[in-house]
2 protein chains.
Amino acid sequence: MAARAKAPRVGPYLCGIDAAFDVLSGKWKALILWELHAHGVRRFAELRRGVPGVSEKMLTQHLREMEEDALVHREVYAEVPPRVEYSLTEHGHTLNEALGALGAWGEERIRREGCEVVGGAEAVAR
Amino acid sequence: MAARAKAPRVGPYLCGIDAAFDVLSGKWKALILWELHAHGVRRFAELRRGVPGVSEKMLTQHLREMEEDALVHREVYAEVPPRVEYSLTEHGHTLNEALGALGAWGEERIRREGCEVVGGAEAVAR
DNA sequence: TGCGGTACTTACCTTTTGGTGCGTGAGGGG
DNA sequence: CCCCTCACGCACCAAAAGGTAAGTACCGCA
């Protein structure tokens, strides 16, 4: 996992979607991105509270990977109670914007599901 | 896995991105979507050839899930050599369009990586 | 008559992913 | 005086995802 940057799946990538998905593969990455986008700058414990259900291990791991991928910026203050601040880089911001359309699609899907009670894929597809 | 439609992770969903990602979680789903989008209608074996590296099991599994999620339409012809044709539903098409921006972002990322040789996250983030 | 193709299903195995819980070391509050 | 907070690191474990290989029933082709 640490060597993910050097382990392409077959060729480097099959297409752009593939590359984008690689960067945010992980249960919580999109949520972290969103949280960071919404608040600008967040500390570790704030993110932990802002992303409900995430474990400390996963949060660190995902943050490190996103840092490697140049999506988030990590600022460490060598203070007595350790303080670390996370924020989005420019690439992080543009990724978030690219995610906008997908988010809208997802919300429409939630609406559909909410109305049609799920289970009737046939009915949804009409 | 078959009961995925009834197993929300914590609440129904945390946000739209979450819902969209749920629908295309799986190593090959995006590629299948793309392949179907590019060719309109494809048979099982055509998809198998069009998505390099996918196993038959995974292809069936993903196609079934995408059918459940109303992304693809499955047309079975009760003929002697079995024939099954897959195509995108309207929801599949709109999802693909929503994926467009993400794909563009990914391709830009590939370009960046190609130029900057990776490893210098600091240099990339600048 | 044996092989390849069509569209799967099933069983079994490996890899990957995520979760739990403990340790760290200094400061601040009850 | 004890425990809690911050921001992790490490070891171990469970679950899920994915891969491999085989079998199915039928056909056309050589």
Side-chain angles (χ1 to χ4, degrees), chain A residues 1-10 14 18 21-32 35-36 41-68 72-87, chain B residues 1-10 14 18 21-32 35-36 41-68 72-87:
Chain A
M1 171 62 79
R4 190 167 48 79
K6 255 53 190 288
R9 58 196 75 190
V10 55
L14 285 128
D18 208 12
F21 267 67
D22 185 33
V23 141
L24 30 86
S25 69
K27 202 173 176 181
W28 312 99
K29 290 239 183 106
L31 280 312
I32 294 172
E35 184 72 12
L36 243 26
V41 177
R42 296 252 97 177
R43 299 181 55 176
F44 186 84
E46 286 174 333
L47 282 171
R48 199 157 98 78
R49 284 187 287 264
V51 180
V54 72
S55 65
E56 296 194 347
K57 177 193 152 194
M58 274 298 107
L59 188 53
T60 338
Q61 203 176 104
H62 283 171
L63 282 169
R64 289 294 145 85
E65 288 174 19
M66 292 168 84
E67 196 194 350
E68 263 184 52
V72 310
H73 174 69
R74 184 161 171 264
E75 190 85 38
V76 185
Y77 299 86
E79 296 178 357
V80 195
R83 186 158 66 102
V84 182
E85 286 184 349
Y86 295 92
S87 55
Chain B
M1 168 66 77
R4 189 166 52 77
K6 253 68 188 285
R9 57 194 75 191
V10 55
L14 283 128
D18 208 12
F21 267 68
D22 185 34
V23 140
L24 30 85
S25 69
K27 203 173 176 181
W28 313 99
K29 291 237 182 106
L31 281 312
I32 294 172
E35 185 73 11
L36 243 26
V41 177
R42 297 251 95 177
R43 299 181 54 175
F44 186 85
E46 286 173 333
L47 282 172
R48 201 158 96 79
R49 284 187 288 263
V51 180
V54 72
S55 65
E56 296 194 347
K57 176 194 152 192
M58 274 299 107
L59 188 52
T60 351
Q61 202 175 104
H62 283 171
L63 282 169
R64 288 295 146 85
E65 288 174 17
M66 292 167 83
E67 196 194 350
E68 263 184 51
V72 309
H73 174 69
R74 183 159 171 266
E75 189 85 37
V76 185
Y77 297 87
E79 295 178 358
V80 195
R83 186 157 66 100
V84 182
E85 286 183 349
Y86 294 92
S87 56

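Just so it is clear: chains get the letters A, B, ... in the order the sequence lines come, proteins before strands, and each one is counted from 1. What you see is a predicted model; the values in this text were computed from it and never measured.
Separating the CG atom of B/Leu47 from the C1' atom of C/dT6 is a distance of 14 Å, rounded to the nearest angstrom. In this structure, CZ of B/Arg83 is placed 17 Å from P of D/dC27, rounded to the nearest angstrom. Remark: P of D/dA17 and CG of B/Leu24 are 14 Å apart, rounded to the nearest angstrom. C/dC8 atom P lies 15 Å from atom CD of B/Glu65, rounded to whole Å. To the nearest angstrom, P of D/dA11 lies 14 Å from CD of A/Gln61. Distance, A/Glu79 CD to C/dG28 P: 12 Å, rounded to whole Å. Between B/Glu46 atom CD and C/dG5 atom P the separation is 14 Å, expressed in whole Å.
Closest approach of B/Arg43 to B/Glu46, counting heavy atoms only: N-OE1, 2.8 Å. Between B/Phe44 and B/Leu63 the shortest heavy-atom distance is CD1-CD1, 4.2 Å.
One finds no side-chain N or O of B/Arg42 lying less than 4.0 angstrom from the OP1 or OP2 phosphate oxygen of C/dA7. Within the structure, every side-chain polar atom (N or O) of B/His62 is placed at least 4.0 Å from both OP1 and OP2 of D/dA17. Close to D/dC8, at under 4.0 Å from its OP1 or OP2, lies a side-chain N or O of A/Arg64. Look at A/Arg43 and you won't find any side-chain N or O under 4.0 angstrom from OP1 or OP2 of D/dC6.
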Walk me through it: do B/Lys27 and B/Met58 pass the test side chain to side chain contact (heavy atoms under 4.5 Å, CB included)? CA-CA 9 Å; B/Lys27 203 173 176 181; B/Met58 274 299 107; over 6 Å; no
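Residue whose closest nucleotide on DNA chain C sits further toward the 5' end, between A/Gly26 and A/Pro82: A/Gly26.
Here NE2 of A/His62 is found 13.0 Å from CG of A/Leu47. Values are rounded to the nearest 0.5 Å. Atom CD of A/Glu67 is separated from atom OG1 of A/Thr60 by 12.0 Å, given to the nearest 0.5 angstrom.
Residue contacts shown for B/Arg48 are absent, as no nucleic acid heavy atom lies under 4.0 Å away. Within the 4.0 angstrom heavy-atom criterion, only backbone atoms of the sugar-phosphate kind lie near B/Arg49; the bases stay farther away.
Heavy atoms of other residues, nucleotides or ligands lying less than 6.0 angstrom from CZ of A/Arg48 number 12 at most.
When each of D/dC6, C/dC8, D/dC8 is scored by its nearest atom to the side-chain atoms of A/Tyr86, the top-ranked nucleotide is D/dC8. Which of C/dC8, C/dT6, D/dC8 sits closest to the side chain of A/Phe44 comes down to D/dC8.
With A/Met66 as the fixed residue, the side chain to side chain contact (heavy atoms under 4.5 Å, CB included) test singles out one of A/Val72, A/Leu36, A/Leu24: A/Val72.
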Which atoms of nucleotides 19-22 of chain D (N or O only) lie under 3.5 Å from a protein N or O atom, and what are those distances?
unit_1	atom_1	unit_2	atom_2	d
D/dG19	OP1	B/Lys27	NZ	2.9
D/dG19	OP2	B/Trp28	NE1	3.3
D/dG19	N7	B/Lys57	NZ	3.0
D/dG19	O6	B/Lys57	NZ	2.3

